[in-house]
Amino acid sequence: QVQLVESGGGSVQAGGSLRLSCAASRGTFSPRCMGWFRQAPGKEREAVAGIRSDGLTRYGDSVKGRFTISKDGAKRILYLEMNSLKAEDSAMYLCAVRRVDDQSCSGIYLHRSPALAYWGQGTQVTVSS
């Protein structure tokens, strides 16, 4: 079983940057599809970015060009580099790893079938305007 721990969240002014990390404490990490998601109070969980087992990435429309997802398989860490942050990016950010490898999985839709993935507890990002 994979345990995921997110870190790197915090408070930042609009236009600033943060880098989130998602560390797998045990279990197989790669190759599996993985993703970052966010959820603001009163809103549904939203896909931010996904990365396929072969490294292909996809992004939600609202973060394209500003966020970058990457992974370090050797260190068992998933990253999310966030630049040009906006107030509307404020949310709890969670990472997810698919439980069973599926080469067709892009990682960005794991929130639609949450039982198919391992989830972290999240890290809070607050962007002030």
Side-chain angles (χ1 to χ4, degrees):
Q1 183 171 344
V2 176
Q3 292 186 337
L4 304 174
V5 179
E6 300 95 335
S7 62
S11 297
V12 64
Q13 290 190 333
S17 299
L18 285 173
R19 187 175 80 158
L20 306 184
S21 298
C22 170
S25 61
R26 63 184 182 187
T28 301
F29 184 71
S30 185
R32 297 184 188 185
C33 62
M34 296 172 272
W36 283 98
F37 304 84
R38 66 188 183 189
Q39 189 163 17
K43 294 188 177 181
E44 293 186 352
R45 189 164 293 183
E46 175 189 11
V48 176
I51 185 165
R52 210 166 64 179
S53 57
D54 63 359
L56 186 68
T57 58
R58 293 187 63 176
Y59 297 90
D61 289 341
S62 62
V63 306
K64 282 180 182 177
R66 300 188 297 123
F67 290 12
T68 303
I69 187 172
S70 62
K71 64 180 179 179
D72 185 329
K75 294 182 179 179
R76 301 151 66 87
I77 300 177
L78 179 70
Y79 299 102
L80 184 69
E81 186 76 34
M82 306 187 295
N83 298 312
S84 303
L85 283 162
K86 305 175 182 179
E88 51 263 42
D89 293 321
S90 297
M92 181 71 74
Y93 282 71
L94 306 99
C95 64
V97 177
R98 202 176 192 278
R99 291 177 181 264
V100 179
D101 183 35
D102 179 350
Q103 294 184 2
S104 67
C105 171
S106 66
I108 203 168
Y109 299 118
L110 290 172
H111 63 310
R112 295 183 179 177
S113 301
L116 294 179
Y118 298 105
W119 292 85
Q121 294 299 309
T123 184
Q124 180 68 40
V125 171
T126 303
V127 184
S128 57
S129 56

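This one's a predicted model, so the numbers in the text were calculated from it and none came from an experiment. Positions are given from 1, in the same order as the sequence printed here.
With Lys75 contributing its side chain and Ala23 its backbone, the two residues share no donor-acceptor pair below 3.5 Å. In this structure, the side chain of Glu6 does not engage the main chain of Leu20 through any donor-acceptor pair within 3.5 Å. Side-chain atoms of Ser90 come within 3.5 Å of backbone atoms of Val127 as a donor-acceptor pair (strictly under, hydrogens ignored). When atom types are taken as modelled, the side chain of Tyr109 and the backbone of Ala47 share no donor-acceptor pair closer than 3.5 angstrom. With hydrogens and angles ignored, the 3.5 Å screen pairs no side-chain donor or acceptor of Arg32 with any backbone N or O of Val97.
Separation of atoms CE (Met92) and CD (Gln39) is listed at 9.0 Å; rounding is to 0.5 Å. Separating the CG atom in Leu78 from the SG atom in Cys95 is a distance of 6.0 Å, to the nearest 0.5 Å. Atom CG of residue Asp102 and atom CZ of residue Arg52 lie 10.0 Å apart, to the nearest 0.5 angstrom. The CZ atom of Arg76 sits 11.0 Å away from the SG atom of Cys22 when rounded to the nearest 0.5 Å. Taken from SG in Cys105 to CD1 in Ile51, the straight-line distance is 11.5 Å, to the nearest 0.5 Å. Atom CG of Leu18 and atom CG of Leu80 lie 9.5 Å apart (nearest 0.5 Å).
Here Asp89 does not pair with Lys86 in a salt bridge; the nearest charged N to carboxylate O distance is not below 4.0 Å.
Between Cys33 and Ser106, the closest heavy-atom pair is CB-C, 4.3 Å. Residues Arg66 and Ser62 come closest through the heavy atom pair NH2-O, 2.8 Å. The minimum heavy-atom distance linking Val125 with Gly9 is given by the pair CG2-CA, 4.1 Å. Counting all heavy atoms, side chain and backbone alike, Tyr93 lies closest to Phe67 at OH-CE2, 4.1 Å. Minimum heavy-atom separation, Ser17 to Ser84: OG-N, 4.3 Å. Taking all atoms of both residues into account, the shortest heavy-atom contact from Ala40 to Ala91 is N-CB, 3.9 Å.
If you chain together hydrophobic residues whose side chains sit under 4.5 Å apart, Leu4 and Leu94 never meet in one group. Clustering ILVMFWY residues whenever any of their side-chain heavy atoms sit less than 4.5 angstrom apart, transitively, puts Val48 in a cluster other than the one holding Ile108.
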Kindly indicate, with the supporting measurements, whether the criterion side-chain contact (heavy atoms from CB on, under 4.5 Å) is fulfilled by Met82 and Val12.
CA-CA 11 Å; Met82 306 187 295; Val12 64; over 6 Å; no

Test Ser7 against Thr123 for side-chain contact (heavy atoms from CB on, under 4.5 Å), laying out the working first.
CA-CA 6 Å; Ser7 62; Thr123 184; 5.6 Å; no

Would you please test Leu110 and Trp36 for side-chain contact (heavy atoms from CB on, under 4.5 Å) and show each step?
CA-CA 9 Å; Leu110 290 172; Trp36 283 98; over 6 Å; no

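The side-chain heavy atoms of Gln3 and Tyr118, taken from C-beta on, include no pair separated by under 4.5 Å.
A distance below 6.0 Å separates the ring centres of Phe37 and Trp119.
Enclosure of atom CD in Gln121 is not indicated, since only 12 or fewer non-hydrogen atoms of other residues, nucleotides or ligands lie within 6.0 angstrom.
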